[in-house]
Amino acid sequence: MDEQEIRRYSRIVVDGTERAPSRAMLRAVGFTEDDFRRPQIGIASTWSMVTPCNMHIGGLAEEAADAANKAGGKGVIFNTLSVSDGISMGTPGMRYSLVSREIIADSIEAVTAAQGFDGLVAIGGCDKNMPACIMAMARLNRPSVFVYGGTIKPGPKRRDIVSVFEAVGAVSGGRMSQEELLDVERTAIPGPGACGGMYTANTMASAIEALGMSLANSSAQEAVSEQKKEDCRHASDAVMNLLRNDIKPLDIMTKHAFENAIAVVITLGGSTNAVLHLIAMAREADVDLSLDDFTRIGDKTPVLADLRPSGKYLMSELIEIGGIQPLMKRMLDAGMLHGACMTVTGKTLAENLADVPDYADGQDIIHGFDDPVKPDSHLSILYGNLAPDGAVAKITGKEGLRFEGIARIFHSEEQALQAILDNSIVAGDVIVIRYEGPKGGPGMREMLSPTGAIMGKGLGADVALITDGRFSGGSHGFVVGHVSPEAAVGGPIALLEEGDRISIDAAQKQINVDVSDDDMRARRSVWQRPPSAIRRGALAKYRAEVSSASDGAVTIPAAWDENAGRA
């Protein structure tokens, strides 16, 4: 590709007499005469001191920008925001978590398009900014590489953030003292990096690597490591190669690539949030991906990784044995991945994996196909009279495959958590947390505080929890989220009453309430949505625009009608 084409966007901003004002502004931020002849590479940094997940990313962005300059481009760092799930969890602030995914994608799109960047390196380190980076890349469709900020090192006694949430329940259940809780609190988060199990951040990093949008092993490097710095440097080299070869995100993010990502998430026992985020990413790439694709792929894909939250090992321990590349090589050899998919290396997935060695003998983190943790997916898409549009269950089989119990109704996460801590929840209960969906929250909060308390109190095998909200990647137990339609739009979950009998069957992929259609119609005739105090701002805009969780909870508008002048 010639120099003009490589500078497809930046030359519009900086070339010619009339662009002198633009060049004057850029000289003030460090551009030299030579820089105006280079392709501009935007470095989207999610650095902030809001959360340990992102506190180190400023330094990684500097590495990427320096490498872009050495590779013949001009790296330009800009920031986007991040909010912390772990800090806001269980508070009204958690409503902004999923909302931030849309804001981050919008901000990266706005800066990249406005400034005329020719390529993009985006560095994300927490749950929502990672899919947001990919969503923006799909919209812009300019040569791009995603870099994962990396996982945190484990605390003493292999502690992590979920250890703290579960310790709260253990104190309530009399299984831990306040002094022991304080020790867990002080030691669980030793420094920078994303939460240490196969929670949402590590799940999405692995999914993005399998999708082909990050370099090999980007998902399997600690935040504080020389390997992660090298990953940033190599990412900028890769973007320059993509520019020269005119390989763009939509050349990579195909239906087969998303199928690869789903399969890898399942083998790793990944977060339910992957369902929500992969569908949202696919919508931005104009790829037809639905809940049923997770069932189709999940029926033939085993869980092979013994990783937290339901398993034993941390991401750092998976890194020690080689990360996910050997797993993907095994899957490719078994016909479980599409090897012809293009990746950000400029090579196909099969070419990337050709020389990857297998795991060394003796490791028991990644099981063999003949000894799976679970023979099919732990992500069960459930339907029934309680979820006509679907729900997402995270059931590893350790908690059983079927649960039947009595509904305990709560209109918020806080109410449910208090009932758990007050010992009001007993064996056989099905905790129902509603009006926490995309519109109902608004914002679809995660329910890690209640699930952590349940596990901490030792009730993990004795109660179930269903919600139109979502779950943290750290949640485990008999949990069902994303119940659609949600309560706020009058879905069946809004019509449940205390004492209704609910059945959840992961084997049959069913979730039902033992109430007749006539009774449900009678309840619907008198149902009224509770009033909301949210009247303005980002949450109100999100509620007005957001789609169902079964469609990724996206805010993509309908196509513009040129004749009618409306969406």
Side-chain angles (χ1 to χ4, degrees), residues 30 38-80 82 108 117 119-127 129-130 133-134 137 143-154 189-196 201-202 204-206 208-210 212-243 314-325 343-347 352 356:
R38 294 166 171 254
Q40 292 185 31
I41 308 301
I43 312 295
S45 168
T46 58
W47 171 85
S48 75
M49 293 303 290
V50 167
T51 167
C53 308
N54 297 69
M55 62 187 287
H56 63 300
I57 286 178
L60 297 181
E62 295 283 355
E63 295 281 353
D66 183 60
N69 296 339
K70 291 176 179 176
K74 173 58 180 175
V76 183
I77 298 172
F78 67 97
N79 257 80
T80 185
S82 187
I108 294 175
F117 295 144
L120 181 66
V121 173
I123 309 172
C126 200
D127 298 5
N129 58 49
M130 299 166 66
C133 290
I134 300 299
M137 289 173 177
S144 303
V145 176
F146 176 77
V147 176
Y148 178 39
T151 191
I152 195 171
K153 294 179 182 292
I189 311 295
C195 301
N202 284 319
M204 292 312 301
S206 301
I208 292 168
E209 183 175 326
M213 286 301 296
S214 63
L215 297 175
N217 281 321
S218 187
S219 71
Q221 294 160 344
E222 289 185 333
V224 181
S225 66
E226 183 58 34
Q227 290 75 22
K228 184 47 64 184
K229 293 178 181 179
E230 290 178 3
D231 189 28
C232 295
R233 294 191 284 264
H234 292 326
S236 290
D237 292 337
V239 165
M240 293 300 296
N241 181 61
L242 294 172
L243 271 169
L314 290 162
M315 191 65 184
S316 290
E317 292 164 311
L318 178 59
I319 290 170
E320 290 176 0
I321 66 167
I324 70 169
Q325 289 281 299
T343 73
V344 293
T345 66
K347 299 178 180 180
N352 290 342
V356 171

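Keep in mind that what you see is a predicted model, and the values were worked out from it rather than measured.
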In short, Ala220 meets Gly323 closest at the heavy-atom pair CB-CA, 3.5 Å

Looking only at side chains, do Asn202 and Tyr148 share a donor and an acceptor under 3.5 Å apart? yes

Atom pair CD/CG of Glu230 and Asp237 - distance to nearest 0.5 Å: 11.5 Å

Looking at side-chain heavy atoms only, is the closest gap between Ile43 and Val76 below 4.5 Å? no

Which distance, rounded to the nearest 0.5 Å, do you find between the CD1 of Ile152 and the CE of Met315? 14.0 Å

Within the 4.5 Å heavy-atom criterion, are Pro52 and Met55 side-chain neighbours or not? yes

Could you tell me whether a side-chain N or O of Asn54 sits under 3.5 Å from a main-chain N or O of Thr51, the two making a donor and an acceptor? no

Taking atom CG of Leu314 and atom CD of Glu320, what is their separation to the nearest 0.5 Å? 10.0 Å

Side-chain donor or acceptor of Lys228 paired with backbone N/O of Ser218 under 3.5 Å: yes

Could you tell me whether a side-chain N or O of Asn129 sits under 3.5 Å from a main-chain N or O of Gly124, the two making a donor and an acceptor? no

Are Ser82 and Val50 packed together at the side-chain level, in the sense that at least one heavy-atom pair is separated by less than 4.5 angstrom? no

OG of Ser214 to CD1 of Ile134: how many Å apart, nearest 0.5 Å? 7.5 Å

With no hydrogens and no angle check, is any side-chain donor or acceptor of His56 less than 3.5 Å from a backbone partner on Gly191? no

Report yes if the side chains of Ser45 and Ile123 come closer than 4.5 Å at any heavy-atom pair, otherwise no. no

Distance-only donor-acceptor check, side chains Asn352 and Thr345, under 3.5 Å: yes

Run the side-chain contact (heavy atoms from CB on, under 4.5 Å) check on Ile324 and Leu318 step by step: do they pass? CA-CA 8 Å; Ile324 70 169; Leu318 178 59; 4.1 Å; yes

Give a yes-or-no answer on whether the side chains of Gln40 and Lys74 include a donor-acceptor pair shorter than 3.5 Å. no

Euclidean distance, Met130 CE relative to Ser219 OG, rounded to 0.5 Å: 8.5 Å

Any side-chain heavy-atom pair from Thr46 and Asn79 closer than 4.5 angstrom? no

Are any non-hydrogen side-chain atoms of Met137 and Met213 less than 4.5 angstrom apart? yes

Candidate pair Lys229 and Leu60, rule side-chain contact (heavy atoms from CB on, under 4.5 Å), full reasoning: CA-CA 6 Å; Lys229 293 178 181 179; Leu60 297 181; 4.3 Å; yes

Apply side-chain contact (heavy atoms from CB on, under 4.5 Å) to residues Lys70 and Ser236 and explain how you reach the verdict. CA-CA 9 Å; Lys70 291 176 179 176; Ser236 290; over 6 Å; no

Taking Thr343 for the side chain and Lys347 for the main chain, is one N or O donor matched with an acceptor at less than 3.5 Å? yes

Given side chains that start at C-beta, do those of Asn217 and Asp231 come closer than 4.5 Å, heavy atoms only? no

Where at least one partner belongs to residues 39-64, residue pairs that pass salt bridge (charged side-chain N to carboxylate O under 4.0 Å, His left out), sequence neighbours excluded: Glu63-Arg233

Restricting to non-hydrogen atoms, name the atom on Gly125 and the atom on Ile57 that form the minimum distance, rounded to 0.1 Å. N-CD1, 3.7 Å

Note, Leu120 side chain near Val239 side chain (heavy atom, < 4.5 Å): no

For the atom pair SG (Cys133) and CD1 (Ile208), what is the distance rounded to the nearest 0.5 Å? 7.5 Å

Polar contact flag, side-chain donor to acceptor under 3.5 angstrom, Glu209-Gln325: yes

Taking only residues two or more places apart in sequence, or in another chain, which ones meet Phe117 in a ring-ring contact (aromatic ring centres under 6.0 Å, His included)? Phe78

Between Pro39 and Leu243, which heavy-atom pair has the shortest distance, and what is it? CB-CD1, 4.0 Å

Using side-chain contact (heavy atoms from CB on, under 4.5 Å), reason through Val145 and His234 one step at a time and then give a plain yes or no. CA-CA 10 Å; Val145 176; His234 292 326; over 6 Å; no

